[in-house]
**Student:** 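My structure is below; once you've seen it, I'll send some questions.
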Amino acid sequence: MLFCIQELCMSLLLVRKLFIIFFSCLGWGSQSSKVHIHHSTWLHFPGHNLRWILTFILLFVLVCEIAEGIVSDGVSDSRHLHLYMPAGMAFLAAITSVVYYHNIETSNFPKLLIALLFYWTLAFITKTIKFVKFCDNGVGFSQLRFCLTGLLVVLYGMLLAVEINVIRVRRYVFFKTPKEVKPPEDLQDLGVRFLQPFVNLLSKGTYWWMNTFIKTAHKKPIDLKTIGKLPIAMRAVTNYIRLNEAFEAQKNKRSSSPQGSRSIWRALCCAFGRPLLLSSTFRILADLLGFAGPLCISGIVHNVGKGNNTIRPQIKILGVFFISSQEFLSNAYVLAVLLFFALLLQRTFLQASYYVAIETGINLRGAIQTKIYNKIMQLSTSNMSMGEMTAGQICNLVAIDTNQLMWFFFLCPNLWAMPVQIIVGVLLLYYLLGISALIGAAVIIVLAPVQYFVATKLSQAQRSTLEYSNERLKKTNEMLRGIKLLKLYAWEHIFHSSVEETRQKEMTSLKSFALYTSISIFVHFILYDKTLMMMISADFSPSVAFASISLFHILVSPLFLLSSVVRSTVKALVRDILLVLLPITAYFCLSDLAQPLKVVNRKRPAREDWNNYSSHMRRPISITEADDFCVKIANGFFTWTPEGPPALSNIDIRIPQGQLTMIVGQVGCGKSSLLLAILGEMQKISGNIFWNRTPNGRFISCSYRTETQTRELIYQKCASLAVSVWILRYLFCFRRYKAVIDACSLQPDIDILPHGDQTQIGERGINLSGGQRQRISVARALYQQTNVVFLDDPFSALDIHLSDHLMQEGILKMLREDKRTIVLVTHKLQYLPHADWIIAMKDGNIQREGTLKDIQKSETELFEHWKTLMNRQDQELEKETIIERKTVLERTNLRRTMYSREALLKDDEEDEEEVTESDDEDNLSSVLHQRAKMPWRACGKYLSAAGILLLPLLVLSQLLKHTVMVAIDYWLACWTSAAISEKADFLNFSCTVDFNHSPYSKVFSILCCLGIVLCLVTSIAVEWTGLKVTKKLHSSLLNKIILAPMRFFETTPLGSILNRFSADCNTIDQHIPATLECLSRSTLLCVSALAVISYVTPMFLIALVPLAIMCYFIQKYFRVASRDLQQLDDSTQLPLLSHFSETVEGLTTIRAFRYEAKFRQKLLEYTDSNNIASLFLTAANRWLEVRMEYIGACVVLIAAVTSITSCLYSKLPSGLVGLGLTYALMVSNYLNWMVRNLADMEIQLGAVKRINGLLKTEAENYEGLLSSSQIPQNWPDRGEIQIQNLSVRYDSNLKPVLKHVNAHISPGQKIGICGRTGSGKSSFSLAFFRMVDTFEGRIIIDGIDIAKLPLQTLRSRLSIILQDPILFSGTIRFNLDPEKKCTDSMLWEALEIAQLKHVVKALPGGLDAIVTEGGENFSQGQRQLFCLARAFVRKTSIFIMDEATASIDMATENILQKVVMTAFADRTVVTIAHRVHTILNADLVIVMKRGVILEYDKPEVLLEQEDSVFASFVQADK
């Protein structure tokens, strides 16, 4: 007794001293905080994690010691405070010590640890003395107190050893020179805000460090600045290096097949296997701790059934009783506390397992994406252009396959955790039920094949749905990209029907998926109910019954998922590794550049760790000494595919050093291919490419400007205009920048842009015109001070003035006068006199090369042909340079005007955004309130779309199902309580009559069957609701979009519209129904569980109020943060995918500029941004789940204590105690899922909200004032056009683009329209189709005002050819005649007119030959010719050509002009041209300027007028 008093006094003294030191430390810390203590001072002392683990174990042992003392004191006749008071004080001291240690550690002030050294020493000594005292008095291992004291001796000794180790390592006392340790490098960077790797073990397990972040998110929206940067160890480059090292190790081990899928799998496991093993360990520990719940319930119900009377201890030493562990666990209250701690630990381990697995998967995803990108930089262009690896496939690799691999790693711990969980569960069931457990196992085994079958069918339906969805999106994408053509040709209904047809197939697959989902839930419920019925036996007690139910609740999920997981595992090992890893493997195995280009080694700053691992693998090519040529190809044969025929044959050329070389030839002759072959982008069959050294001995570097609309060579990066020009230079030279801007005539364009040269350019330059995109790309090439410049048809989208200015000021002045080697591909033959060297190509061969005089002497016929095309005489050719220079001088004072709808639109949007931002600043509180609110209106829209009949069925079935489920468990509680009560009565009266189970079993069976039926009905109702809603919303959306005015598509990004059909429709199709079902189920289960617990023990309601308040605020804060993080995760993925797509499309440009390193660095930034958003989202989910799980554990503890108290003092039946505890165990899961699903539903309802926003789009007025009977069948038959005071605009808020235009076009006349860019030429043509808003005047065609005609009729009776060629995937026949109205002979006739008959005849299938998406398997010129043929097929009396020959060589253009004049002699033809010579033979010419007709007369009359604008155009075009 004296010893115990001494121990108590010492503990009180130590706690008092520790508290004094602790608060002194806190005071020092608060003073230091005034000098800004940040996490940059955080540090982990040696043995950090071990100290925390030992402290947690110490706290648990001390709780057990307190409980043991209370239980021992309870069986004594007098009170003995010394049995638990010292332990209580030690518990407070342990908590104080760990808080004290945490503050010292974060402040990096180790000298204060001397207090802990003193405390652990004294604690170890006193516990050792106590342990020795027990041994001396004969207390042994059979007594619990002896075991606990021994454990405390070990724990205090280990903590003392940890403290000594800190002194040994840090040398802060007892050494002359203490060791200074700096915090981690990441923590020095204040931009790093993801602190999970750096916080202490308690904060890691509970995500306590996220509290500040979650609170901040509720006050201010989360953006990339808020989440900061990733720690170095988690960045993409670090993980890429780790993965690359693992790959290299596998290569060294298995040199024979280093790139096989098995080798990749080994490399992945080697690089990321350790954290996965840790996650699996956490998962197994959590699953094993999960079985503590059923066992504790069994013990509690059993003990309260006996009145909680434990066995009286027989051993009494030193005046107090000593109890054994069996006697200790016989107390129901002790079991309740142990259950609470087991739940806390189990939930912590489970969430830790989830987090580690997901973090590993995210790191893996970043490493794989980086490796794929590194491979892209080495791919041969032929791999891309010939379909061996398309941009879509690469995006699928990045967006889908890498995510599948990430989630496979996340599910890996289930592979071995679930079998362990099932085996242990079945063994425990057998322990509780005996042979009855085998009956339940038999039911499970019988239903296993059914589950496997259903899982297989679900997978097949999912795959089928995905295939049809991809097909639908492909058609929708084509429809949206070609919407202008569809409206002009009145083909909307054709593509609408095509998309709807595919949608019907997709809906069939979705119905199958919904059906099998309902069946799987149905089987799940059968598995639960039937197994429960089978396990009921005559000697069924409440403790056994509800312990078995709790066990079965644990086993339901792994049993239900076992077949799916096993199947997924087999797929992962057999198929998914083939479907996921093999595409990655095959991608890694694609051929690299065949003839890579060695370029000048520019001085560039080193990249962090990246350049060491970005192996370029470029083989050197032949370099010769200085000579008069820059590049020379000898006997070259080149192909796009190794097995295919040569695209270029017998190539023997030389490109002179420092001179201008022009490459000319007809469409499709191989001009662009020759440039790519020189750059090493084609597969070389034979021959040699020689690159010469420059006179100063440097290697040649090259800048490459690709044709704006040629195959995958289109490239325009999202950046500001200024950045686009000088993006490939490190040092910005303003003088050179201005010179380049002037040379490319970009200043007028910059002036009208909203933010000048800082205006952001959209993806592929979507917010720029074709000419602007082309000139910016040329400017980028001009800005580079490189020795060689390749220009591929830079004039195709420019009018003659811009072309001349660019030629004179840019190419001749900036490049040739600088003695730079220029290779120019062009169709503008009028520039040939400027060429120092000319290469003429024909059908993939070199027709002739040399100077213009050489060709004039040796190839007289070719030279005369060129002269004819240029419409010049010999003397004009000789004087060309002088004439053009004069023309340029005359035009220097002319300012090019431009009307930009995009710029006006952007101005409007900016104004709106500014107003909105100012309003938001004024009403920040209301905005934050809106962020915290659920989108109930969108939810109402979704449910209302289900219909009046289906919605009540959904609600009633859910309520009835959960009522029946509660009734089943309640009836089981009454049944078992009655059975055990009657059995006790029989024993009291020594009766042998058995309890009659028949009435109870019949009701139980009826309830189970009713529950099964209601489960099926509910599942079908949910899925049916989802299908009906998704069908209605998609159909409405498609109808609205297809009928929307063209202005809508000009002001709404295509990606935004496509996202409504893809991501949002997918969310509504598959995610919202599942989330809605899960949300309603978890909410009703949670409510029913709390109702049952409150019914069993009404005292629980008192504790429920604060718990409910806590839950409310947790979910409120979480939903806001989760929504922001989810949106941030999605928004950061889009730039990443766009970067991949843009890189693939601009690969040739990037490699030509030798700027791979910058784009790799940009990829790392995008990847890290996406990864940190994903990691914060994962941490936020874990933050929620841990708190909900802890609240659930509190519910279990409170329910257990109140139930035990009610049973002992209010004679509550033990069956109801078991029922309440069983439901309490499930509350944490229900709470968790309820809040998670609420947050998910809030995010997913955003899809409904966005689609409803588009459904408000006002459609075009397709109805006309005239009925079909009032319109002549063959209208218009003559082609007479009267334009009377016409004024049009693109929108009611914009200025007019045509002002009071008057014109009269007689039947059969050929009209030419010309003018500067932005003069209103295209708007003039669109007015005929009512594509623009005609707010004044009218157009009369053959006596009918077109404003009175139905739109479908008007547009179907006219023909137009647009400047941008649009082809759709399908056959040539479909592209020419989608309405299937023409015969084959008519189609061949149109192809012959368009000079394509020989091309189509050579294709396999002829008219049925396949056209790939966008017509990528044809050249730009050929696509334009197909569009001409398509217009010829219609044979309407009015034919409009809107700069339709811009991408066609002059020879083909002349042929087409003659054909149009002869074949369409009796038709009215309106030609809009920027090559003025093409309209010289027109009957009338209209010259436009700023939306008005400047000149209107016959061309010969206008040419005779000296001051005629048209005459100046013709003079400039010569």
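For clarity, every value in this text was computed on a predicted model and none was experimentally measured. Excluded from the calculations below are hydrogen atoms, water molecules and symmetry mates; all remaining heavy atoms, backbone and side chain alike, are included. The first residue in the sequence is number 1, and the count goes up from there.
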**Student:** Does the pair Glu471/Lys475 count as a salt bridge with the N-to-O cut at 4.0 Å?
**Tutor:**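 Counted as a salt bridge, because a side-chain N and a carboxylate O are separated by less than 4.0 Å.
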
**Student:** Does the side chain of Leu1254 reach to within under 4.5 Å of the side chain of Phe1048, using non-hydrogen atoms?
**Tutor:**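 The answer is yes; the side chains approach within 4.5 Å.
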
**Student:** Determine, step by step, whether Phe1328 and Ile1438 satisfy the side chain to side chain contact (heavy atoms under 4.5 Å, CB included) criterion, reporting the C-alpha distance in whole Å, the side-chain angles of both residues, the deciding distance to 0.1 Å, and the verdict.
**Tutor:** CA-CA 10 Å; Phe1328 290 112; Ile1438 296 178; over 6 Å; no

**Student:** How long is the gap from OG on Ser1359 to CG on Leu1428, to the nearest 0.5 Å?
**Tutor:**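 So the gap between those two atoms works out to 11.5 Å.
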
**Student:** State, yes or no, whether a side-chain contact exists between Glu500 and Leu1038 at a heavy-atom distance under 4.5 Å.
**Tutor:**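 When only atoms from C-beta onward are counted, Leu1038 and Glu500 do touch, with a gap below 4.5 Å.
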
**Student:** Is there side-chain contact between Ile1440 and Ile1361, with heavy atoms separated by less than 4.5 Å?
**Tutor:**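 Sidechains of Ile1361 and Ile1440: no contact.
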
**Student:** Considering only heavy atoms from C-beta outward, does the side chain of Ser1437 approach that of Asp1277 to under 4.5 Å?
**Tutor:**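 They are not in contact (no side-chain heavy atoms under 4.5 Å apart), so the answer is no.
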
**Student:** Test: salt bridge (Lys or Arg N to Asp or Glu O under 4.0 Å). Region: residues 1425-1440. Which pairs qualify, not counting sequence neighbours?
**Tutor:**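 Residue pairs with at least one partner in residues 1425-1440: Glu1389-Lys1435.
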
**Student:** Using modelled atom types and a 3.5 Å cut-off, is there a donor and acceptor pairing between side-chain atoms of Ser1356 and backbone atoms of Gln1352?
**Tutor:** yes

**Student:** Are the side chain of Asp1342 and the backbone N or O of Arg1278 linked by a donor-acceptor pair below 3.5 Å?
**Tutor:** yes

**Student:** For the pair Lys684 (side chain) and Gly687 (backbone), establish whether a donor and an acceptor sit closer than 3.5 Å, ignoring hydrogens and angles.
**Tutor:**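 Yes: the side chain of Lys684 pairs with the backbone of Gly687.
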
**Student:** Does any non-hydrogen side-chain atom of Lys487 lie less than 4.5 Å from one of Phe1329?
**Tutor:** no

**Student:** List the steps and the verdict of side chain to side chain contact (heavy atoms under 4.5 Å, CB included) for Val1400 and Trp1388.
**Tutor:** CA-CA 9 Å; Val1400 177; Trp1388 283 117; 3.8 Å; yes

**Student:** Apply salt bridge (Lys or Arg N to Asp or Glu O under 4.0 Å) to residues Arg1355 and Glu1260 and explain how you reach the verdict.
**Tutor:** CA-CA 13 Å; Arg1355 293 171 181 175; Glu1260 283 187 288; 2.8 Å; yes

**Student:** Tell me whether the count of non-hydrogen atoms from other residues, nucleotides or ligands lying under 6.0 Å of NZ in Lys1031 goes above 12.
**Tutor:**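 Open: at most 12 neighbouring heavy atoms sit under 6.0 Å from NZ of Lys1031.
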
**Student:** How many angstroms lie between atom NZ of Lys484 and atom CG of Leu1362, to the nearest 0.5 angstrom?
**Tutor:**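 That separation rounds to 5.5 Å.
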
**Student:** Over 60° means perpendicular and under 30° means parallel, so tell me whether His1034 and Phe1061 are parallel, tilted or perpendicular.
**Tutor:** perpendicular

**Student:** Please list, chain by chain and in numerical order, all residues satisfying side-chain contact (heavy atoms from CB on, under 4.5 Å) with Asn1066, sequence neighbours excluded.
**Tutor:** Gln1070, His1071

**Student:** Between CG of Leu1391 and NE2 of His1398, what distance do you get to the nearest 0.5 Å?
**Tutor:**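 Answer for the CG-NE2 pair, Leu1391 versus His1398, is 11.0 Å.
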
**Student:** Write down the atom of Ala1429, the atom of Leu1376, and the distance for their closest heavy-atom approach.
**Tutor:**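 Looking at all heavy atoms of both residues, the closest pair is CB-CD2, 3.9 Å.
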
**Student:** Does this structure show an ion pair linking Asp1384 with Arg1373, if we count only N-O contacts that are shorter than 4.0 Å?
**Tutor:** yes

**Student:** Would you check, one step at a time, whether the test side chain to side chain contact (heavy atoms under 4.5 Å, CB included) holds for Ile372 with Phe1140?
**Tutor:** CA-CA 10 Å; Ile372 289 174; Phe1140 269 92; 4.0 Å; yes

**Student:** At their closest point, which heavy atom of Thr639 faces which heavy atom of Pro646, and how far apart are they?
**Tutor:**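 Here Thr639 and Pro646 meet closest at CB-CA, 4.1 Å.
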
**Student:** Look at the side chain of Thr465 and the backbone N and O of Ala461, then say whether any donor-acceptor pair between them is shorter than 3.5 Å.
**Tutor:** yes

**Student:** Any side-chain heavy-atom pair from Lys474 and Ser1369 closer than 4.5 angstrom?
**Tutor:** yes

**Student:** For residues 1366-1385, which residue pairs qualify under ring-ring contact (aromatic ring centres under 6.0 Å, His included), counting only residues two or more places apart or in two chains?
**Tutor:**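 Qualifying pairs: Phe495-Phe1368, Phe495-Phe1374.
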
**Student:** Could you tell me whether Asn1039 atom CG has more than 12 heavy atoms of other residues or ligands within 6.0 Å of it?
**Tutor:**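 For Asn1039, atom CG is crowded (more than 12 foreign heavy atoms under 6.0 Å).
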
**Student:** Are the side chains of Phe1439 and Ile1360 in touch, meaning some heavy atoms are under 4.5 Å apart?
**Tutor:** no

**Student:** Apply side chain to side chain contact (heavy atoms under 4.5 Å, CB included) to residues Ile846 and Ile839 and explain how you reach the verdict.
**Tutor:** CA-CA 7 Å; Ile846 303 299; Ile839 299 173; 3.8 Å; yes

**Student:** Is the side chain of Asn845 donor-acceptor paired with the backbone N or O of Met841 at a distance under 3.5 Å, no angle test?
**Tutor:** no

**Student:** Minimum heavy-atom separation for Cys1382 and Val1433, please, with both atom names.
**Tutor:** SG-CG1, 3.2 Å

**Student:** Applying the side chain to side chain contact (heavy atoms under 4.5 Å, CB included) test to Ile1372, which of Asp1377, Asp1408, Leu1403 qualifies?
**Tutor:** Leu1403

**Student:** Does any part of the side chain of Leu829, heavy atoms only, come nearer than 4.5 Å to the side chain of Val664, both counted from C-beta?
**Tutor:** yes

**Student:** Between atom CG of Leu1354 and atom CD1 of Ile1271, what is the distance when rounded to the nearest 0.5 Å?
**Tutor:**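 Output value for this atom pair is 9.0 Å.
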
**Student:** Under 3.5 Å, is there a donor-acceptor pair between the side chain of Lys1310 and the main chain of Ile1479?
**Tutor:** no

**Student:** Is the backbone N or O of His493 less than 3.5 Å from a side-chain atom of Ser497, with the two atoms forming a donor-acceptor pair by type?
**Tutor:** yes

**Student:** Once rounded to the nearest 0.5 Å, what's the spacing between atom CZ of Arg472 and atom CG of Asn477?
**Tutor:**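 Those atoms lie 12.0 Å apart.
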
**Student:** To the nearest 0.5 Å, what is the distance between CG (Leu510) and CD (Gln504)?
**Tutor:** 11.0 Å

**Student:** Which atom pair, heavy atoms only, marks the closest approach of Leu480 to Ile1057?
**Tutor:**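 Where Leu480 meets Ile1057 most closely, the heavy atoms are CD1-CG2, 3.7 Å.
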
**Student:** Salt-bridged, Glu506 to Arg503, with N to O below 4.0 Å?
**Tutor:**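 The answer is yes: the pair qualifies as a salt bridge.
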
**Student:** Locate the shortest heavy-atom distance separating Leu1037 from Cys1065; write the atom from each residue and the value.
**Tutor:**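 Closest pair (atom of Leu1037, atom of Cys1065, distance): CD2-SG, 4.4 Å.
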
**Student:** State whether the side chain of Ser1035 and the backbone N or O of Lys1032 hold a donor-acceptor pair below 3.5 Å, judged by distance alone.
**Tutor:**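 Judged by distance alone, no pair lies under 3.5 Å.
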
**Student:** Please give me the minimum heavy-atom distance between Leu648 and Gly670, naming the atom from each residue.
**Tutor:**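 Between these two residues, the closest heavy atoms are CD2-O, 3.7 Å.
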
